[in-house]
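Counting convention: from 1, in listed order, for ligands and their atoms alike.
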Amino acid sequence: MAGNDKNKKSFDLLMIGGGPGGYVAAIRAAQLGLDVACVETEKLGGVCLNIGCIPTKALLTSALLVNEVKDAKKHGISMAELSVDLGPAQERSRKVADQLNRGVTMLFKKNKVTHIEGYGRLAGKGKVEVETGDGSTSTYEAKHILLATGSRPRSLPFLEIDGEKIWSSDDALFAKEAPGTLAIVGAGAIGMEFADIFEAYGSKVTILEALDRVLPVEDKDISAQMEKAFKKRGMDIHTGARLEKAEPGKKGVTLTFKDKKGETQTLTVDRVLSAVGRIPNTEDLGLDKAGVKLTERGNFIEVDQWMRTNVEGVYAVGDCAGGPLLAHKASHEGIVCVEKIAGEAHGPVDYANIPNCTYCHPEVASVGLTEEQAREQGHDIEVGKFPWVGNGRALAHGDADGFIKVIRDKKYSEILGAHIIGPHATELIAEFVLGRHLESTVEEMEKAIHPHPTLSEAVAEAALAALGRPIHI
Ligand code: NAD
């Protein structure tokens with residue numbers, strides 16, 4: 001146990017899980033004066049920080065650099081021969097994750113949060129049993145218990161992850177070499193981000209997606225632009241593809257799938273990455289015995305707007321509680337939950353204003369409704385699109401493909417949705433999130449003066465486009 005009093009067995013609040021849901025909530029609760037402990041069996045920081053969001057962003061930075069170097073001649077940079085090696089980039093990604101992990105340990109010390117190392121399970125009212133690596137157990141007591149146990153990769157029966165030839169995202173993250181050929185099943189955020197990384201480091205990438213487009217949660221125009229961009233990089237993409245079997249053999253893995261025309265195709269590749277979603281870690285937590293209700297679909301923990309389960313004193317946040325499986329959503333749920341416990345909550349989580357980000361290149365980010373959803377919901381809308389070619393800074397960057405699309409409600413000029421594909425999309429989306437949070441009109445988004453020349457000017461231009469009067473296009 002790292003933390004304060006090693007022998008302490010009773011707390012106001014005990015977290016099970018130290019990822020972005022649990023650790024952020026622990027710090028906030030400690031700030032509010034609660035006596036807090038966090039049980040974590042792996043490293044503090046959870047999947048996101050150790051084997052998810054952060055190390056993949058380090059690898060994506062490396063991948064971008066590879067592609068920029070390949071294109072460096074136009075900047076007057078030439079080299080005799082370019083060779084790329086995933087190994088050092090992978091090692092760098094581990095260093096970044098480790099640095100952040102140490103940061104969370106330090107924040108726990110600073111805020112006097114006790115870290116209990118081990119695996120926690122509910123063990124009766126107000127009790128948590130913690131099992132350590134050597135099999136010994138200790139019981140802790142707390143008035144409030146918050147479950148933040150996260151999720152893990154889903155394995156399909158006809159595509160069983162073996163960690164060798166058929167990878168989960170965890171395996172892909174630790175690969176030190178890019179396979180010659182790689183098939184990625186699933187074109188959600190995980191599939192698209194790893195496609196970007198491995199293609200940059202030399203793999204011939206083929207993407208198989210069951211639905212009719214890549215990044216299916218995004219606006220249709222974004223999916224179409226994304227598919228075009230990846231195809232331009234030489235990737236093969238099969239949408240509407242139904243995978244039927246995966247047969248590992250001496251030479252790799254042979255995949256059999258029905259393409260969108262219903263024709264059977266086979267594909268033999270060195271490695272397959274299964275990126276078909278994640279499932280919650282809710283099986284071995286003593287939930288059944290404690291009477292904690294799970295959702296009918298997906299086995300997520302059922303919670304109300306204050307993240308309370310049906311059992312008094314037991315709460316759940318983040319991936320294990322369902323909704324979008326995103327770190328920033330988990331952290332916000334954690335904060336709302338502990339502020340409510342401490343009597344300080346301002347309001348529940350604003351689920352309609354959670355940004356979605358995919359960090360491949362081009363980057364994709366969005367918030368609010370897609371055009372299709374806005375129409376389905378009966379809004380009277382105007383849609384504006386501002387292409388990056390109309391933005392001087394994007395042209396100067398040499399990164400002017402894509403666009404920003406804004407959907408506004410004509411009645412009050414509310415920003416119903418904003419969708420960005422292109423340079424620094426994942427940073428720029430924050431302006432729309434704030435705009436929506438402050439209930440700004442599209443006119444106000446433009447009236448706020450944006451510095452010139454910046455990418456952010458395109459936010460204002462997209463707002464103008466939604467009013468039918470962009471300047472630079
Ligand atoms: P996902 O659910 O976003 O995407 C999985 C994709 O796989 C879907 O498009 C689905 O249609 C497809 N699919 C499912 N079964 C298939 C099959 N048999 N054949 C072909 N395609 C199939 O899941 P993910 O990309 O694995 O990510 C998991 C979770 O983690 C998501 O909720 C995601 O939002 C989150 N995540 C987010 C980020 C980010 O924000 N950048 C990064 C990684 C993960």
Side-chain angles (χ1 to χ4, degrees), residues 19-21 46-61 150-161 166-173 183-197 206-218 220 222-223 226-227 236-246 255-260 265 267 272-281 297-298 300 318-331 354-367 420-421 425-427 429-430 433:
V47 167
C48 169
L49 195 154
N50 294 292
I51 51 167
C53 327
I54 298 299
T56 49
K57 262 69 284 168
L59 287 168
L60 283 158
T61 300
S151 64
R152 61 182 187 279
R154 183 158 78 103
S155 187
L156 298 171
F158 48 92
L159 182 68
E160 265 181 45
I161 293 162
I166 302 179
W167 289 346
S168 71
S169 53
D170 299 359
D171 305 310
L173 196 65
I184 297 180
V185 183
I190 292 184
M192 297 302 273
E193 290 183 2
F194 277 109
D196 186 296
I197 294 164
T206 304
I207 298 172
L208 303 181
E209 165 58 50
L211 297 179
D212 64 351
R213 57 203 175 92
V214 300
L215 294 179
V217 297
E218 298 293 350
K220 277 186 177 167
I222 297 282
S223 298
M226 190 69 230
E227 184 168 334
D236 287 334
I237 300 178
H238 297 272
T239 52
R242 247 195 32 228
L243 184 67
E244 291 180 335
K245 59 181 175 194
L255 298 176
T256 306
F257 64 96
K258 278 230 163 72
D259 66 17
K260 67 171 131 199
Q265 292 206 31
L267 170 74
V272 180
L273 167 60
S274 169
V276 294
R278 299 179 63 87
I279 53 170
N281 294 325
R297 277 197 64 205
F300 295 99
D319 288 8
C320 70
L325 309 186
L326 299 170
H328 43 284
K329 170 258 190 194
S331 300
I354 297 178
N356 246 328
C357 293
T358 309
Y359 299 78
C360 53
H361 301 98
E363 288 189 6
V364 167
S366 64
V367 66
I420 312 177
I421 180 163
T426 58
E427 299 294 336
I429 199 65
V433 177

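- Between Glu209 and ligand 1, at least one N/O pair is under 3.5 Å apart.
- Each of the following atoms of ligand 1 lies closer than 4.0 Å to a heavy atom of Tyr359: 41 (N).
- Applying the 4.0 Å criterion to heavy atoms of Glu193 picks out, from ligand 1, the atoms 41 (N).
- Taking every heavy atom of Ala275 and a limit of under 4.0 angstrom, the matching atoms of ligand 1 come to 5 (C), 6 (C), 7 (O), 26 (O).
- Looking at atom 21 (N) of ligand 1, its nearest protein heavy atom turns out to be Ala210 N, 3.1 Å.
- In terms of N/O distances under 3.5 Å, ligand 1 is approached by Ala189.
- Residue contacts with ligand 1, taken as heavy atom pairs separated by less than 4.0 Å, do not involve Thr56 at all.
- Of the N or O atoms in Gly277, one or more lie within a sub-3.5 Å distance of an N or O in ligand 1.
- Within ligand 1, the atoms closer than 4.0 Å to a non-hydrogen atom of Leu211 are 11 (O), numbered from 1 in the order shown.
- Annotation for ligand 1: atoms under 4.0 Å from non-hydrogen atoms of Leu156 are 18 (N).
- For ligand 1, none of its N or O atoms has an N or O atom of Ala241 under 3.5 Å away.
- Ligand 1 has no N or O atom lying under 3.5 Å from any N or O atom of Leu243, backbone or side chain.
- The contact set between ligand 1 and Gly188, taken as ligand atoms under 4.0 Å from a residue heavy atom, comprises 3 (O), 4 (O), 6 (C), 25 (O).
- Residue Leu208 approaches ligand 1 through these ligand atoms, each under 4.0 Å from one of its heavy atoms: 20 (C), 21 (N).
- If you check which protein heavy atom lies closest to atom 28 (C) of ligand 1, you get Arg278 CG, 3.5 Å.
- Shown in contact with Gly186 at under 4.0 Å from a heavy atom are these atoms of ligand 1, numbered in order with element: 6 (C), 7 (O), 12 (C), 21 (N).
- The shortest distance between side-chain heavy atoms of Leu267 and Phe257 falls below 4.5 Å.
- Classification of Arg213 and Glu227 as a salt-bridged pair fails, no side-chain N sitting under 4.0 Å from a carboxylate O.
- Considering backbone and side-chain atoms together, Cys357 places an N or O closer than 3.5 Å to an N or O of ligand 1.
- Protein heavy atom closest to atom 25 (O) of ligand 1, with residue, atom name and distance, is Ile190 N, 3.0 Å.
- Within the 4.5 Å cutoff, the side chain of Ile207 has no heavy atoms near those of the His238 side chain.
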